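Written out below as structure tokens is the structure these notes cover.
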Amino acid sequence: MPEKIKIAILISGLGSNMEALIKDIKKQDHPGEIAIVISDNTDALGLKRAEKLGVPAISLVQDPTAFGKNSFENQLFELLTSNNIQIVCLAGFMKILSSKFLKKFSGEILNIHPSILPSLKGLNTHRRILEKNLDVHGATVHKVSKDLDGGMILSQTTIAILEKDTPESLSQRLKPKEHQLYVQTLRHFLSGNSNIIQKLDLGH
Ligand code: GRF
């Protein structure tokens, strides 16, 4: 059996994508192995969810006055390297990683973003898509690069926007699709497959 690829998941909040990833990674045929969940928010619900799933979960305190070895990114780098992490999955991780950090970390970093990139980079995508009066919304899994939400696109999924939709209803309908997409994309990526996955499903 080839050695499994060590994965870390970074969160800031609920951790529903994290949970979906962990449940899949734990399956025997998965090429990866979940080593750690790291949060930049001590109150993140995802920390409890990770513990329930038996995954070590750590929150890194962000002291804005800390620098050098105590800075958030240095602590994060330490944790990732000491756990031999090769792949980091950002799953609702709200902190932007600096280009210095991205250069220093030799593994791959993936992210899931709730829009059809390159459209709607940044925050509040559910509200912003409704303001545009469009018919379709979606999510993208991409590699993380120094450009915010601008790294190579690995997969996308879509949902139809309904007349009665609100930012909350869009988020609620998109989440299960995000979970499927992230799970499938991670497996795909770890197996060295670079074809873009498109799940263009306009069913309601
Ligand atoms: C998801 O909508 C994801 O696309 C975005 O942040 C949200 C995280 O949700 N990056 P959860 O914590 O996985 O429930």
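One-based numbering, in listed order, for ligands and for the atoms of each. Note that the coordinates shown come from a computational prediction; the quantities given were computed from them, not determined experimentally.
Under 3.5 Å, the side chains of Thr185 and Ser155 contain a donor-acceptor pair of N or O atoms. Neither side chain, Glu178 nor Thr157, offers a donor N or O lying under 3.5 Å from an acceptor on the other.
In terms of protein heavy atoms, atom 10 (N) of ligand 1 is closest to Ile112 O, 2.8 Å. In terms of protein heavy-atom proximity, atom 12 (O) of ligand 1 is closest to Gly15 N, 2.8 Å. Scanning the protein heavy atoms around atom 1 (C) of ligand 1, the nearest turns out to be Glu178 OE1, 3.1 Å. Among all non-hydrogen protein atoms, the one lying nearest atom 6 (O) of ligand 1 is Gly92 CA, 3.5 Å.
Taken to the nearest 0.5 Å, the CD1 atom of Ile161 stands 10.0 Å off from the CG atom of Leu174.
Atoms of ligand 1 found under 4.0 Å from any heavy atom of Ser16 (numbered from 1 in listed order, with element): 11 (P), 12 (O), 13 (O), 14 (O).
The shortest non-hydrogen separation linking Lys4 to Gly32 is CD-O, 3.3 Å. When all heavy atoms are compared, the tightest approach of Val55 to Ile22 is CG2-CG2, 3.8 Å. The shortest heavy-atom contact between His126 and Pro114 is CE1-CB, 3.7 Å.
Of the polar atoms of Met18, none of the N or O atoms is found under 3.5 Å from an N or O of ligand 1, judged by distance alone. Checked by distance only, ligand 1 and Asn111 stay at 3.5 Å or farther apart across all their nitrogen or oxygen atoms.
When Thr140, Asn17, Val141, Leu123 are ranked by how near their heavy atoms come to atom 13 (O) of ligand 1, first place goes to Asn17.
Looking only at distances, a side-chain donor or acceptor of Arg49 sits under 3.5 Å from a matching main-chain atom of Leu14.
The closest approach between any non-hydrogen atom of His179 and ligand 1 is not below 4.0 Å.
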